[in-house]
Amino acid sequence: MKGNFVYHNPTKLYFGEDAMNHLSNELKNYGPTVMLSYGGGSIKRNGIYDAVIAALKAVGKTIVEDAGVMPNPTYEKVLEGCRLVRDHKVDLILAVGGGSTIDYAKGVSASAYCEEDAWEKYWVNQGWPTCRTVPVGAVLTMVGTGSEMNGGSVITNRKAGFKLGKVFGPELYPKFTILNPRFTMTVPQYQMVAGFFDIMSHLMEQYFAGTADCTTDYINEGLMRSLIHSTRIAAKNPQDYEARANIMWTATWALNTLLKCGKGGDWEVHQIGHAIGLVTDATHGMTLASVSLPYYRHVMHDGLHQFVRFAKNVWGVRPEGKTDEQVATEGLECLEGWMKEIGVVMHSGELGVTEENLEAVANAVLILPVGYRTLTRDEVIDILRQSM
Ligand code: NZQ
Ligand code: ZN
């Protein structure tokens, strides 16, 4: 392990089929007015909405309804939520949904009482809240992003031409999250599988960085192996509770800051994915899947030692009689095979990337000077072309 770090994660998790039983009790820790934020209505169809309302009513809360948080939530929607918070003097934002709803809730929390331009302050300049913030709690219904136990808030601003992530500090992490794997059983297969790849991508973004022998890499390898095992089961039988529960727990640990301890991160696949999302509004996990293989094949030589380790420790590739390059290449072939097996989108062309909008996508890619290689804009275009 190299470097100094602080690890602080204050989110309280309630996990399992009975997790909802704790919601009413937890709500007693907050003031009388709760803003219930949710997406396009899936929670009304699968009964989660009724269960949440019952928990809120059981402890006499005043409920402010805040529906319609869209996948890839927009800054305009954040500003709408801010008005509701101020008008109703909201004491707690309860986000019920996937990463989009939880990210949105954190954005509203930090922006509602912000006296500056919140987009510029947080998402462009990566500043910290200096105003009052509103506590956020979560009920997770879709697995993938890790938003349930981190400070991430990824917001799309089409007027500004960017989809940007802000990672807030622990004061904006959800105070508590209800994690019931059963709640994820109604997620459509496409979204479910996109979430699976999102988890793998979070693991790889943090694995493919750094050079030291690091405990964190061993933890990461264990999570990858568990994820590969359980997603193979869940892709065939989405109702397999054990597999879905393992995947939910893996997703939470994949992006709650544990795996960056003692190392950096790469995150270039996410930057390219966000740019595709901005231009096409495609599902986050699928944008990552569509560019990952061209990206990793491109940077493999720059971080060869770690790609060899990935092949051996995650996929069980035998190194005898092979060059490092052959071993690393075989590891990426195994990744490709697993992606096809679970059924992710393999080409960005299927998501709407075309020769016509390629420049627009490339212009929206943030190039990060970390990871094994800092891309040039031409390399970004090459990777995008290969991904199509
Ligand atoms: O809106 P509803 O009707 O709820 O439908 C949603 C949505 O259409 C549906 N869904 C969710 N739970 C369901 C369900 N449908 C049936 N049954 C259920 N139980 O699934 C669709 C996708 O939901 P969404 O919240 O958009 O998905 P996800 O959790 O993948 O979140 C994606 C957003 O998170 C950001 C992404 O960029 C994207 O904007 N990310 C957040 C991160 C973080 N906070 O750290 C990191 C990630 O890398 C990612 O960037
Ligand atoms: Zn992601």
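Computation of the quantities below employed the complete heavy-atom set of this structure, encompassing side-chain atoms and omitting hydrogens, waters and symmetry-equivalent molecules. First listed ligand is number 1; within each ligand, the first listed atom is number 1.
- For the pair Lys12 and Phe176, the cation-pi criterion (under 6.0 Å, within 45° of the ring axis) is not fulfilled.
- The count of protein N, O or S atoms under 2.8 Å from the Zn ion (ligand 2) stands at 4, with waters excluded from the count.
- Under the 30°/60° scheme for interplanar angles, the aromatic rings of Phe310 and Trp315 are found to stand perpendicular.
- Looking at heavy atoms from C-beta onward, Met70 lies out of side-chain contact with Ser100 at the 4.5 angstrom threshold.
- At a 4.0 Å heavy-atom cut-off, the residues surrounding ligand 1 are Gly39, Gly40, Gly41, Ser42, Asn46, Pro71, Asn72, Pro73, Gly98, Gly99, Ser100, Asp103, Thr141, Met142, Thr145, Ser147, Asn150, Gly152, Val154, Lys163, Phe183, Thr186, Val187, Pro188, Gln191, Asp198, His202, Leu255, His270, His274, His284, listed by chain and number.
- Between Lys77 and Asp66 there is a salt bridge, since at least one side-chain N of the basic residue sits less than 4.0 Å from a carboxylate O of the acidic one.
- Residues Glu76 and Arg158 are not paired through a salt bridge, judged by the lack of any N-O separation under 4.0 Å between the basic side chain and the carboxylate.
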Q: Decide ring pair (Phe, Tyr, Trp, His ring centres under 6.0 Å) for His305 and Tyr372; before the verdict, give the C-alpha distance in whole Å, the side-chain angles of both, and the deciding distance to 0.1 Å.
A: CA-CA 11 Å; His305 65 284; Tyr372 293 127; 5.7 Å; yes
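- Taking the ring centre of Tyr207 as origin, the terminal cationic atom of Lys263 falls inside the region bounded by 6.0 Å and 45° from the ring axis.
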Expected list for residues 347-359: side-chain donor-acceptor pairs under 3.5 angstrom, two or more places apart:
from	atom 1	to	atom 2	distance (Å)
Ser348	OG	Ser387	OG	2.7
Thr354	OG1	Glu356	N	3.3
Thr354	OG1	Asn357	N	3.1
Thr354	OG1	Asn357	OD1	3.4
Glu355	OE1	Arg385	NH2	3.1
Glu355	OE2	Arg385	NE	2.8
Asn357	OD1	Thr354	N	2.8
Asn357	ND2	Gly352	O	2.8
Glu359	OE1	Arg377	NH2	3.1

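- For the salt bridge (Lys or Arg N to Asp or Glu O under 4.0 Å) test, residues two or more places apart in sequence or in another chain that qualify with Asp302 are Arg373.
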